[in-house]
Amino acid sequence: MMQEKLQSFHERFNNIMQAPKRIRNKRLVTLMEDMERTYNIPLLYSAAYVFHRPEVMKLYRQVSYARDFEGGR
């Protein structure tokens, strides 16, 4: 079940990256929020969480790094 959900998050991420830049950031933020709720990702860094959920955190970081902070709104 959790692996299927992670796969759906991967697919959402890939779809978002095809979207126009002007709406991409908002969708990426929403994806991050959905992942935080689904996987109970802690607000502060937790080495234990990263150790136990490396595949979740790999995608979460990928989504986070994909955001564009220079592009304006």
Side-chain angles (χ1 to χ4, degrees):
M1 168 72 176
M2 290 302 245
Q3 195 62 28
E4 292 169 0
K5 190 66 174 171
L6 185 60
Q7 181 60 36
S8 73
F9 283 127
H10 272 287
E11 290 169 8
R12 272 179 67 188
F13 175 67
N14 290 333
N15 288 335
I16 290 168
M17 294 309 292
Q18 302 304 314
K21 274 189 172 184
R22 68 186 192 288
I23 60 172
R24 194 179 302 159
N25 274 355
K26 175 67 174 152
R27 290 183 180 176
L28 289 169
V29 168
T30 301
L31 177 58
M32 289 179 70
E33 292 169 347
D34 291 347
M35 289 184 70
E36 290 164 1
R37 279 191 295 277
T38 300
Y39 295 108
N40 296 315
I41 296 174
L43 293 175
L44 299 176
Y45 177 81
S46 167
Y49 188 90
V50 173
F51 178 78
H52 291 290
R53 295 270 175 103
E55 61 283 337
V56 170
M57 291 308 296
K58 180 180 178 183
L59 177 59
Y60 186 77
R61 282 192 203 103
Q62 192 176 6
V63 173
S64 177
Y65 296 155
R67 294 176 298 163
D68 178 16
F69 293 105
E70 295 179 20
R73 297 173 195 226

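Note that this is a predicted model, so its numbers are computed, not measured.
- No side-chain heavy atom of R53 sits less than 4.5 Å from a side-chain heavy atom of Y60.
- Residues Y45 and A47 come closest through the heavy atom pair CE2-N, 3.6 Å.
- Two residues are said to be in side-chain contact when any heavy atoms from C-beta on lie closer than 4.5 Å; F9 and V56 fail this criterion.
- Residues R12 and D34 meet the side-chain proximity criterion, which asks for heavy atoms closer than 4.5 Å.
- Judged by distance alone, with hydrogens and angles left aside, the side-chain atoms of S8 form a donor-acceptor pair with the main-chain N or O of K5 at under 3.5 Å.
- A side chain to side chain contact (heavy atoms under 4.5 Å, CB included) with R24 is found for one member of D68, I16, V29 and no other, namely I16.
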(message) For R27 and I23: C-alpha separation, side-chain torsions, deciding distance, then whether side-chain contact (heavy atoms from CB on, under 4.5 Å) applies.
(response) CA-CA 7 Å; R27 290 183 180 176; I23 60 172; 3.5 Å; yes
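- F13 and V63 make their closest contact through CD1-CG2, 3.6 Å (heavy atoms, listed as atom of the first residue, atom of the second, distance).
- At least one side-chain heavy atom of M17 sits less than 4.5 Å from a side-chain heavy atom of L28.
- Contact of the M32 side chain with the R67 side chain is registered, since non-hydrogen atoms from C-beta on lie closer than 4.5 Å.
- How far CE of M35 is from CG of N40: 12.0 Å, rounded to the nearest 0.5 Å.
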(message) Determine whether M57 and Y39 satisfy the following criterion, side-chain contact (heavy atoms from CB on, under 4.5 Å), listing intermediate values before the conclusion.
(response) CA-CA 10 Å; M57 291 308 296; Y39 295 108; over 6 Å; no
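- Put simply, the side chain of E33 reaches to within 4.5 Å of the side chain of R37, judged on heavy atoms.
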(message) What verdict does the side-chain contact (heavy atoms from CB on, under 4.5 Å) test give for E11 and Q7, after you've listed the backbone C-alpha separation in whole Å, the side-chain angles of each residue and the deciding distance to 0.1 Å?
(response) CA-CA 6 Å; E11 290 169 8; Q7 181 60 36; 3.4 Å; yes
